[in-house]
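Sequence lines set the chain letters: A, B, ... in the order given, protein chains first and strands last, and positions in each chain run from 1.
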There are 2 protein chains.
Amino acid sequence: MIRPVPSRRDAIADDLRHQISTGHFKAGERLPSEAQLATRYTVSTPTLRSALALLQGEGLVEKIHGNGNFVRRPLRRITYFGGLAEPTTSTAFPAQLRVTTRTTTIEAHSHLPALLNVPPRSPLTEVLHIAHEGKTPHSLARIYVPGDLTQTDPPPARPSPEQIAVRVADPRPPLAEVQERLSARLPTQEEAAALRITTSLAVLSLTRVTTDATGRVVEAALLVLPGDRADALFTTRLNTEERTPKA
Amino acid sequence: MIRPVPSRRDAIADDLRHQISTGHFKAGERLPSEAQLATRYTVSTPTLRSALALLQGEGLVEKIHGNGNFVRRPLRRITYFGGLAEPTTSTAFPAQLRVTTRTTTIEAHSHLPALLNVPPRSPLTEVLHIAHEGKTPHSLARIYVPGDLTQTDPPPARPSPEQIAVRVADPRPPLAEVQERLSARLPTQEEAAALRITTSLAVLSLTRVTTDATGRVVEAALLVLPGDRADALFTTRLNTEERTPKA
DNA sequence: GAGTGGTCTAGACCACGAG
DNA sequence: TCGTGGTCTAGACCACTCA
């Protein structure tokens with residue numbers, strides 16, 4: 001295959017990674033200062049910092065400005081269950097989840113009209129969720145509901161604690177379809193700040209659009225999950241009556 | 001929210017981004033050399049390079065060592081259709097896809113035994129796919145099939161051109177379940193080299209496990225898709241006969 | 001060989017956090 | 001205030017691409 005030239009940065013990152021995995025540096029511990037590490041490895045500070053940046057991108061190290069570099073505690077994995085696979089979401093979202101919610105009314109703009117299939121500038125209810133597990137941020141969600149739907153429902157439109165894996169309880173026109181689109185990217189600065197991650201740690205970005213039986217979009221949810229601890233799981237069981245392809 | 005301090009890096013990146021989006025720098029064009037850009041923005045080369053690194057991570061710019069920085073041509077989006085939603089995959093994978101395949105026989109190791117539910121060191125057929133669309137790499141797939149299954153099937157186990165969205169044609173024990181797990185991360189150096197992307201461009205990593213009616217794992221596929229042009233789409237339609245939760 | 005990006009240095013100065 | 005990380009400089013030297 002390809003033989004990447006071993007750079008000092010990679011060598012240092014490998015060494016630190018190894019020391020972390022063998023418990024030489026323990027979880028939660030503060031690493032020696034960058035100046036000390038630079039001396040130890042006989043490199044300049046920028047070089048050492050770029051090695052640390054690799055570990056940050058892997059979620060192994062958290063930098064705290066003015067304080068130090070810390071070995072991250074192993075984080076509980078987040079699993080987003082897609083589709084309708086899991087009626088019980090409680091296993092995935094232990095009760096310790098603390099969710100901050102902010103609801104506002106906005107006008108549909110940029111990509112939202114197309115997403116929700118509503119005219120531009122039509123009223124939408126925006127629900128912003130930030131979930132924390134203990135002290136560490138967990139996930140970020142923006143949920144949009146057409147304005148006229150929220151007038152019949154109570155304001156926040158959806159129960160909150162299970163904010164991500166929300167299932168609609170008792171919709172008036174029955175739901176017909178859930179479409180989930182996932183992509184991988186680096187977070188925006190705002191997202192990185194809210195999730196307390198680096199902008200160099202990838203996030204799983206998920207857009208979920210729920211449509212009711214009349215073909216109307218009932219809800220659009222934009223989720224951002226930190227890539228070092230989250231994944232999304234989709235389970236498809238084939239019906240016993242075989243689907244004929246090209247129906 | 002948060003007021004990120006405007007750094008020179010960000011300012012330069014914003015400016016270049018703007019010049020690219022307004023067509024001042026056109027697709028495929030080579031940017032001025034880093035030295036020239038550094039002079040123009042009156043910054044040092046490391047600073048300028050860190051600005052370019054941001055654009056690389058967004059897939060806007062491709063660096064070619066010894067040649068220059070190039071504005072990337074807008075790439076055709078890749079959509080991976082999850083589940084069994086799309087019987088016709090041809091729309092997603094135009095015929096221009098050229099797939100390189102390498103088939104080897106290996107012994108199950110590390111995470112593979114658990115994934116395929118086979119004993120460690122049992123024989124597996126590994127199929128490595130690299131898909132190209134024109135000259136640009138497109139996707140990377142490693143497919144594992146238990147060794148005793150490949151003896152009845154013809155060697156590559158699966159038709160190749162639609163390598164990613166392969167559907168099994170005529171399985172002896174009928175298939176029962178497809179489980180797809182997605183995560184976002186940065187690519188390994190090998191993956192980045194194969195896909196010709198930076199290690200700072202996030203990838204969508206997908207693990208698909210197919211099980212037949214006897215509960216046996218028939219195939220495990222590990223897919224890596226570049227985050228700047230790929231997403232995965234899952235569509236779940238509710239059966240007309242309503243599912244009762246907690247079945 | 002000329003020109004490009006890749007890596008690295010040895011500092012300087014600023015911004016933040018804790019005592 | 002002190003020690004930490006954050007940003008940046010001005011240049012050196014190497015590796016690669018192309019003619």
Fill in: Where protein sits on nucleotides 6-11 of chain D, one letter per nucleotide: B base, S sugar-phosphate only, - none, heavy atoms under 4.0 Å
SBBBBB
Practice prompt. Compute whether any side-chain donor of one residue and acceptor of the other, for B:Thr198 and B:Gln56, lie under 3.5 angstrom apart.
Written response: yes
Fill in: Carboxylate-amine/guanidinium contact A:Glu107 A:Arg121, below 4.0 Å
yes
Discussion item. I'd like to know if A:Arg17 and A:Glu58 make a salt bridge, using a cut-off of under 4.0 Å between side-chain N and carboxylate O.
Written reply: yes
Worksheet item: Taking the six-membered ring for Trp, are B:Phe234 and A:Phe234 parallel (under 30°), tilted (30 to 60°) or perpendicular (over 60°)?
Response: parallel
Discussion item. Measuring from atom CZ of A:Arg185 to atom CG of B:Leu204, what distance do you get when rounded to the nearest 0.5 angstrom?
Written reply: 12.0 Å
Discussion item. It should be established whether B:Asn67 places a side-chain nitrogen or oxygen under 4.0 Å from OP1 or OP2 of nucleotide D:dC18.
Written reply: yes
Discussion item. Could you tell me how far apart A:Glu62 (CD) and D:dT4 (P) are, to the nearest whole angstrom?
Written reply: 18 Å
